[in-house]
Amino acid sequence: MPWPAAVCVAFCLVQLAVVAPGSGLGWDETVYTSQVSRSLPAAFFSAPRARGITFLAAPVAGFTTSTVALRVWMAVLSATALFIALRVWRTLMPAPVLALAGGLFATLWITVYYGPQVMPNLWSAFGALAATGCFLRAVRDPADRWAVAGLGSAVALTGLMRPLDAVWLVAPLALVALFFRRARRPLLWGVLAAGLVLGCAEWVVEAYVRYGGLTARLDRASEIQGGTGWNFAVDDQIRALNGRTLCRPCDVPWRGKVTSLWWFALPFLAAGGLVASVRAGRRSTALLPLLVASFTALPYLFRVGYAAPRFLLPAYALLALPVASCLWALVTAPVGRWRPALIGLVTVALCGHLSIQFATTAADVRANHAMRVAYDAVAARLHAAGVRPPCVLTGEHAVPMAYYTGCASRQIGGSDGSITLAGLLAAARARPVAVLVPAFGRPPAYARSWHVVTLPDSRSFPGYHGYVAPLPRGAARP
């Protein structure tokens, strides 16, 4: 596996060189990281979230608040996970095709950007890629115990990261095990079920402990996500490919159309990969990834009313296999004098694709750096106003700002509702409390007489004010 290994090493180095330096933690990252930090209060953990990614961040986040250390750790882990997921396929596909598939997936701006982040979607992709390969190996060779163990582990990993992703991963594999004679083995059914139960167990138990049951948590998760049901979000996902990490509501114009070209080419390349795999006698290595990719993408294309490109990472990881098969078949086909021209055409297309992906990555990294500078400036201003740990922030953007200031974030209502008004006012009598209010916004009635602090203006934090409660007795305002 030297070539896939080289691809994964390059993936790690690109993350460390491009994304990690000077980056800051985004909104969701602050929630996940605060759960395992020894020095920062844990943010409210809302119903849709799962704690799997916090377990991966814990070895570093539990000992230091250094973002650089966390980025390095996650970059190394993600590159290692990509190698393991590709290695599962080593007996199913040629090594050059695996290396090309890994390179195609690892160079998407979405993969590079989220590789060193404390976010679960990329890890769902690794789980889906590994589970599909292990399933194929277990079907082909009933004596392959490593494949069976890998299948259960990969499904459990996906369940730990995103339980509903695990459900959509297991569904097509279970259907194959039901309708195809070679796959109709009780052991495979048992392993799929065990992996799903093991991975989702923590989320389900927490549903009963904190939300009053699994149905209540699912309903609350759906409510926070704007309601799940029939929602055509294909166009939303296309518009978000120009570098938007979240498009909600996704009613923006379609800009940067060139960043979506690969998305429109994807179905045709995947179909070409299926044809190439059939001719090479490897039909299942394209059919099963296509099937599983379709299932994992379905809820985010047709059931969620907004878009985030990271949602489709599992589908992209699986589709990279047939696409790589197609491209490899094109450049190795014996087409006589046309072969150099065909190789040149594929090379030019790939170079153009890579340049677009890395330009999009660079733009997102610059936006992340600007966000970190803005958050650091706001945190410094709040500290100067006397809002220092132990403290509480509420209002808009309180969740990420609480992480940067070292405060606890508490909201009276909404998706992060975690305290009552009486509880917040009681906290204000014991520790510094501030309400963050956006430009032209009105402070809540209880805070209108509080001390007003003008916060540094920036694109990430435009025109905000902080309303600081009278400091507790004995504390002097700077």
Legend entry - Any side-chain heavy-atom pair of Val304 and Asn231 under 4.5 Å: no
Inset, instruction - Begin with the C-alpha distance, continue with both residues' side-chain angles, and end with the deciding distance and a verdict on side chain to side chain contact (heavy atoms under 4.5 Å, CB included) for Leu327 and Leu104. - result: CA-CA 11 Å; Leu327 296 178; Leu104 290 172; 4.1 Å; yes
Inset, instruction - State the CD1-CZ distance between Ile110 and Phe311, to the nearest 0.5 angstrom. - result: 12.0 Å
Inset, instruction - Output every pair passing disulfide (SG to SG under 2.5 Å) with a member in residues 7-43, not counting sequence neighbours, ordered by first then second residue. - result: none
Inset, instruction - Check the angle between the aromatic planes of His397 and Tyr375 and answer parallel, tilted or perpendicular using the 30° and 60° thresholds. - result: perpendicular
Inset, instruction - Could you tell me the separation between the CZ atom of Arg244 and the OH atom of Tyr306, rounded to the nearest 0.5 Å? - result: 15.5 Å
Inset, instruction - Would you confirm whether Thr132, through its side chain, and Leu129, through its main-chain N or O, come within 3.5 Å as a donor-acceptor pair? - result: no
Legend entry - Side chains of Trp450 and Val468 in contact at under 4.5 Å (non-hydrogen atoms): no
Inset, instruction - Quick one: pull up CD1 in Ile238 and OG in Ser260 and give me the separation to the nearest 0.5 Å. - result: 6.5 Å
Inset, instruction - Compare all side-chain heavy atoms of Val437 with those of Arg442 and state whether any distance is below 4.5 angstrom. - result: no
Legend entry - Ring centre gap for Phe302 and Trp230 strictly below 6.0 Å: yes
Legend entry - Donor-acceptor pair, side chain of Ser37 and main chain of Thr33, under 3.5 angstrom: no
Inset, instruction - Mind running side chain to side chain contact (heavy atoms under 4.5 Å, CB included) on Leu382 and Leu393 for me, showing each step along the way? - result: CA-CA 10 Å; Leu382 288 172; Leu393 292 186; 4.3 Å; yes
Inset, instruction - State, with a plain yes or no, whether a side-chain heavy atom of Asp219 is found less than 4.5 Å away from one of Thr215. - result: yes
Legend entry - Donor-acceptor side-chain pairing of Trp263 and Tyr316 below 3.5 angstrom: yes
Legend entry - Short side-chain to backbone donor-acceptor contact, Asn121 and Leu312, under 3.5 Å: no
Inset, instruction - Determine whether Cys247 and Asp236 make a side-chain contact, defined as any pair of heavy atoms from C-beta on separated by less than 4.5 Å. - result: no
Legend entry - Sole candidate of Leu424, Asp416, Val399 that passes side chain to side chain contact (heavy atoms under 4.5 Å, CB included) when paired with Thr394: Leu424
Inset, instruction - Find the distance between CZ (Arg303) and CG (Leu298) and round it off to the nearest 0.5 Å. - result: 8.5 Å
Inset, instruction - Please confirm whether the backbone N or O of Gly395 pairs with a side-chain atom of Gln411, one donor and one acceptor, at under 3.5 Å? - result: yes
Legend entry - Nearest heavy atoms of Ala428 and Val433, plus distance in Å: CA-CG2, 3.5 Å
Inset, instruction - Decide yes or no for Gln237 and Leu241: does some side-chain heavy atom of the first lie under 4.5 Å from some side-chain heavy atom of the second? - result: no
Inset, instruction - Begin with the C-alpha distance, continue with both residues' side-chain angles, and end with the deciding distance and a verdict on side chain to side chain contact (heavy atoms under 4.5 Å, CB included) for Asn242 and Thr360. - result: CA-CA 7 Å; Asn242 66 349; Thr360 308; over 6 Å; no
Inset, instruction - For the residue pair Trp123 and Phe126, categorise the inter-ring angle as parallel (less than 30°), tilted (30 to 60°) or perpendicular (more than 60°). - result: perpendicular
Legend entry - From Met401 atom CE to Glu396 atom CD, the distance as rounded to the nearest 0.5 Å: 14.0 Å
Legend entry - Closest approach of Cys200 to Gly159 (non-hydrogen atoms, all atoms of both residues): SG-CA, 4.1 Å
Legend entry - salt_bridge(Arg49, Glu206) N-O dist < 4.0 Å: no
Legend entry - Heavy-atom donor-acceptor pair, Ser222 side chain to Leu218 backbone, under 3.5 Å: no
Inset, instruction - Would you check if the side chain of Thr111 reaches a backbone N or O of Thr107 as a donor-acceptor pair within less than 3.5 Å? - result: no
Legend entry - Shortest non-hydrogen separation from Arg248 to Ile224 and the atoms involved: NH2-O, 2.7 Å
Inset, instruction - Flag the pair Leu436 / Phe461 as yes when at least one side-chain heavy-atom distance between them is below 4.5 Å, and no otherwise. - result: yes
Inset, instruction - Indicate yes or no for a side-chain donor-acceptor contact from Ser124 to the backbone of Pro314 under 3.5 Å, with no hydrogens or angles considered. - result: no
Inset, instruction - Find out whether Phe295 and Leu169 are in side-chain contact, i.e. whether some heavy atom of one side chain is under 4.5 Å from a heavy atom of the other. - result: no
Legend entry - Backbone of Val378 reached by a side-chain donor or acceptor of Arg381 within 3.5 Å: no
Inset, instruction - Might you point out which heavy atoms bring Ala270 and Leu319 nearest each other, and give the distance in Å? - result: CB-CD2, 4.4 Å
Inset, instruction - Measure the OG-CD distance between Ser23 and Glu29 for me, rounded to the nearest 0.5 Å. - result: 7.5 Å
Inset, instruction - Tell me whether the guanidinium CZ or amine NZ of Arg410 lies under 6.0 angstrom from the six-membered ring centre of Phe44 and within 45° of its axis. - result: no
Legend entry - Side-chain H-bond candidate by donor/acceptor type, Tyr300 with Asp165, under 3.5 Å: yes
Inset, instruction - Work out which heavy atom in Leu82 is nearest to a heavy atom in Ala106; give both atom names and the distance. - result: CD2-CB, 4.0 Å
Inset, instruction - Look at atom CH2 of Trp146 and say whether more than 12 heavy atoms of other residues, nucleotides or ligands are closer to it than 6.0 Å. - result: no
Legend entry - Neighbour count >12 (heavy atoms, 6.0 Å) for atom CH2, Trp27: yes
Legend entry - Backbone N/O of Ala363 and side chain of Trp109: donor-acceptor pair under 3.5 Å: no
Legend entry - Backbone of Thr245 reached by a side-chain donor or acceptor of Arg310 within 3.5 Å: yes
Inset, instruction - Kindly indicate whether a cation-pi arrangement holds for Arg220 with Tyr211, taking the cut-offs as under 6.0 Å to the six-membered ring centre and within 45° of the axis. - result: no
Inset, instruction - Start with the C-alpha distance between Asp376 and Arg372, add both sets of side-chain angles, then the distance that settles side chain to side chain contact (heavy atoms under 4.5 Å, CB included), and finish with yes or no. - result: CA-CA 6 Å; Asp376 285 343; Arg372 178 188 57 79; 3.4 Å; yes
Legend entry - Nearest atoms (heavy-atom pairs only) where Ser34 meets Pro41: CB-O, 3.5 Å
